[in-house]
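Quick notes on the structure that follows.
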Amino acid sequence: MTTQYWLVKSEPEAYAWADLVRDGRTAWTGVRNYQARIHLNAMKRGDRVMFYESITTKAVVGIAEVTKPAFPDATADEPGWVAVELKSVSALAQPVALTQIKAEPSLANIGLLRQSRLSVMPLARAEFERIVKLAG
DNA sequence: GCCAACGTTGGC
DNA sequence: GCCAACGTTGGC
């Protein structure tokens, strides 16, 4: 199975990239949106995940990896919600700001711009690589 | 702090 | 099943 690419968003006050670096691995819990859940369920071990910090940072700051596919989210009040386990892989050399992403024609279709409220979304391989390149 | 986008809820 | 009201997210 080929590696797939994803982007997850987090408010840094809730859980920042630095927290993932500190923790090494974390259960990505708290997703309560059906479309995001579909994406969580589609994640496989080894998939690459870009970590976007919203609100204050507004930039992609690091790359994580799926270390455990979807399992029940223990923080949910109702059954059916899932989490995955992520581990930090590497920080980007430079954060890639939302403004840079908006300014990049080849990224015009990424979910981050098209569906600004979605917190878990797929990325095309080319989009993933483009953002890595923008990071320098 | 404001507001647009969008998801959810509840009355009908 | 429709739609108005409301809540949340997140950029600005």
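A, B, ... follow the sequence lines: proteins, then strands. Residue 1 opens every chain. Small disclaimer: the values here were computed from a predicted structure and weren't measured.
Remark: the backbone N or O of Ala97(A) is paired with a side-chain donor or acceptor of Gln100(A) at under 3.5 angstrom.
Residue Tyr34(A) contributes atom OH, which lies 16 Å from atom P of dT9(C) at whole-angstrom precision. At whole-Å resolution of the value, CD in Glu13(A) and P in dG10(C) are 13 Å apart. Between Glu53(A) atom CD and dT9(C) atom C1' the separation is 16 Å, expressed in whole Å. Atom C1' of nucleotide dC6(B) and atom CE of Met121(A) are separated by 14 Å, given to the nearest angstrom. Taking atom CG on Asn33(A) and atom P on dT9(C), their separation rounds to 11 Å, with Å as the unit. Separating the CZ atom of Arg117(A) from the C1' atom of dT8(B) is a distance of 10 Å, rounded to the nearest angstrom. The CD1-C1' distance, from Ile55(A) to dC3(B), rounds to 14 Å in whole Å. Distance CZ (Arg114(A)) to P (dA4(B)): 21 Å, rounded to an integer number of Å.
Using a 4.5 Å heavy-atom threshold, the side chains of His39(A) and Leu118(A) count as touching.
A sub-4.0 Å separation between OP1 or OP2 of dG11(C) and a side-chain N or O of Lys9(A) is absent. OP1 or OP2 of dG7(B) has at least one side-chain nitrogen or oxygen of Gln115(A) nearer than 4.0 Å.
Residues Trp28(A) and Phe51(A) bring their aromatic ring centres within 6.0 Å.
The cationic atom of Arg48(A) (NZ for Lys, CZ for Arg) does not lie both less than 6.0 Å from the six-membered ring centre of Trp6(A) and within 45° of the ring axis.
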